Amino acid sequence: MAVRGPRRFCTPVRTPPDPHKLIFGTNNVYLLPHVAQLAYSAEDLQPVAALALDEFLIWVKADAPWQTSMELIEAAKAEPGAIVFGGSQSKDTDETLVALIEQTTGADFKYVPFNGGGEVGVQLAGGHIAANVNNPNENIGQWQAGAIRPLCVFSPERMAESEPVSGDMGWHDIPTCAEQGLEIERYQMPRTVWLPAGTDPEVVAFYQDALTRVAETEEWKDYLAKTSQTAAVLTGDELTAFIEENEAATVTVFEAEGWVTAAAQ
């Protein structure tokens, strides 16, 4: 089972472009420079492709009183700071999503960071936190065991059809958060591939073609099914537009929370 741990991002920036060095990352590639002092900026890199999207869900204990995301949010409004959301790292995707929920709804949660998604899943199953926003694969074991349950997924449409995961419920049976009245249509993390800025366009095109063909293989489709990720092959203008929209929306959350570093302002 793949789970998120502490995220480290290394890149051969400010060196001559090397067509034999691909950089694999997430949206942290272009988001981290806004909240941390790093030795690179997004301008040092050339986006090549995105191959999949990680979904985020609201999870609670199986015996929690809330049946929908809005019931959880109303409870957080009634008792500001009393309901604990756990997440992986600080000022990362999990805390950003919790902050976005708060900014969108007026709810007030207490966010507690842990070292990685696996640890967050254990904390929820043990009742040490009230909720988390783990990716599907990070909580699947606890869901199968009946210790926790999902409330909703932050996607514009329900996840793909699957075999039952817990009881008679599969991934497609989980409603979207928008269906429940939570006005956040999309919060997904792209799995991205990069080259150093200035790489020959023919090299970029070569890798785009190669990665697109990889995404068409049965092996890749099986991998996505096993990890409960959403297929999404983005290249060229489509990828650029996705990055620009995702970055702008996320930086708005950072600014509201006061996380943006002086260097990024």
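All of these numbers come straight from a predicted model, not from anything done at the bench.
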Worksheet, complete the sentence: Looking only at heavy atoms, the pair that brings Gly121 and Asn134 closest together is N-ND2, 3.6 Å
Worksheet item: Going by distance alone, is a donor N or O of one side chain under 3.5 Å from an acceptor N or O of the other, for Ser166 and Gln144?
Response: no
Item to complete: Check whether more than 12 heavy atoms from other residues, nucleotides or ligands sit under 6.0 Å from atom CD of Gln103, and answer yes or no.
Response: yes
Item to complete: Report the C-alpha distance between Thr68 and Trp66 in whole Å, list the side-chain angles of each, state the deciding distance to 0.1 Å, and finish with yes or no for side chain to side chain donor-acceptor pair (under 3.5 Å).
Response: CA-CA 6 Å; Thr68 70; Trp66 317 292; over 6 Å; no
Discussion item. I'd like to know if the side chain of Thr199 reaches the main chain of Pro196, judged simply by a donor and an acceptor atom lying under 3.5 Å from each other, with no hydrogens or angles considered.
Written reply: yes
Discussion item. Between His34 and Glu255, does the side chain to side chain donor-acceptor pair (under 3.5 Å) criterion hold? Intermediate values first, please.
Written reply: CA-CA 9 Å; His34 291 281; Glu255 291 172 341; over 6 Å; no
Fill in: Cluster overlap Val122 with Val60, hydrophobic side-chain contacts below 4.5 Å
no
Fill in: Spatial distance of atom CG (Leu234) from atom OG1 (Thr192) [nearest 0.5 Å]
10.5 Å
Practice prompt. Examine distances only and state if a side-chain atom of Gln180 and a backbone atom of Ser69 form a donor-acceptor pair shorter than 3.5 Å.
Written response: yes
Worksheet entry | Side-chain H-bond candidate by donor/acceptor type, Asp94 with Asn132, under 3.5 Å | no
Item to complete: Report the residues that fulfil side-chain hydrogen bond (donor to acceptor under 3.5 Å, both in side chains) with Thr105, sequence neighbours left out, ordered by chain and then residue number.
Response: none
Discussion item. Rounded at 0.5 Å granularity, tell me how far CG in Leu151 sits from CD in Glu71.
Written reply: 8.5 Å
Worksheet item: Is Val48 close to Thr235 at the side-chain level, that is, under 4.5 Å between some pair of heavy atoms?
Response: no
Worksheet item: Should the heavy atoms of other residues, nucleotides or ligands under 6.0 Å from NZ of Lys61 be counted, would the total exceed 12?
Response: yes
Response to the item:
Between Ala197 and Glu43, the two heavy atoms sitting closest are CB-O, 3.4 Å
Fill in: For the student: nearest non-hydrogen atoms of Ile174 and Pro150, plus distance
CD1-CG, 3.6 Å
Worksheet entry | Between CD on residue Glu244 and CD on residue Glu247, distance to nearest 0.5 Å | 8.5 Å
Worksheet item: What pairs of residues pass the ring pair (Phe, Tyr, Trp, His ring centres under 6.0 Å) test when at least one of them lies in residues 105-128, not counting sequence neighbours?
Response: Phe85-Phe109
Worksheet item: According to the interplanar angle, ranging from 0 to 90°, do the rings of Tyr187 and Phe56 count as parallel (below 30°), tilted (30 to 60°) or perpendicular (above 60°)?
Response: perpendicular
Response to the item:
When every non-hydrogen atom of Tyr30 is compared with those of Pro190, the smallest separation belongs to OH-CG, 3.9 Å
Fill in: More than 12 heavy atoms of other groups within 6.0 Å of Lys226 NZ
no
Worksheet item: Within a reach of under 6.0 Å around CG of Asp63, are more than 12 heavy atoms found that belong to other residues, nucleotides or ligands?
Response: yes
Worksheet item: With a 4.5 Å heavy-atom cut-off, do Leu38 and Leu32 have their side chains touching?
Response: yes
Worksheet item: Between Ser228 and Glu55, does any side-chain donor sit less than 3.5 Å from a side-chain acceptor?
Response: no
Worksheet entry | Closest contact, heavy atoms only, Ile140 versus Asn137 | CG2-O, 3.5 Å
Discussion item. Counting neighbours of CG on Asp222 that are heavy atoms of other residues, nucleotides or ligands and sit closer than 6.0 Å, is the number greater than 12?
Written reply: yes
Worksheet item: Does any donor atom in the side chain of Glu157 or Ser155 lie under 3.5 Å from an acceptor atom in the other side chain?
Response: no
Item to complete: Report yes if the side chains of Asp54 and Thr93 come closer than 4.5 Å at any heavy-atom pair, otherwise no.
Response: no
Worksheet item: What is the ring orientation for Trp59 with Trp143, classed by angle as parallel under 30°, tilted 30 to 60°, or perpendicular over 60°?
Response: perpendicular
Item to complete: Report the C-alpha distance between Glu95 and Gln89 in whole Å, list the side-chain angles of each, state the deciding distance to 0.1 Å, and finish with yes or no for side chain to side chain donor-acceptor pair (under 3.5 Å).
Response: CA-CA 7 Å; Glu95 187 174 13; Gln89 315 302 315; over 6 Å; no
Worksheet item: Do you know the tightest heavy-atom contact between Cys152 and Thr176?
Response: CB-C, 3.8 Å
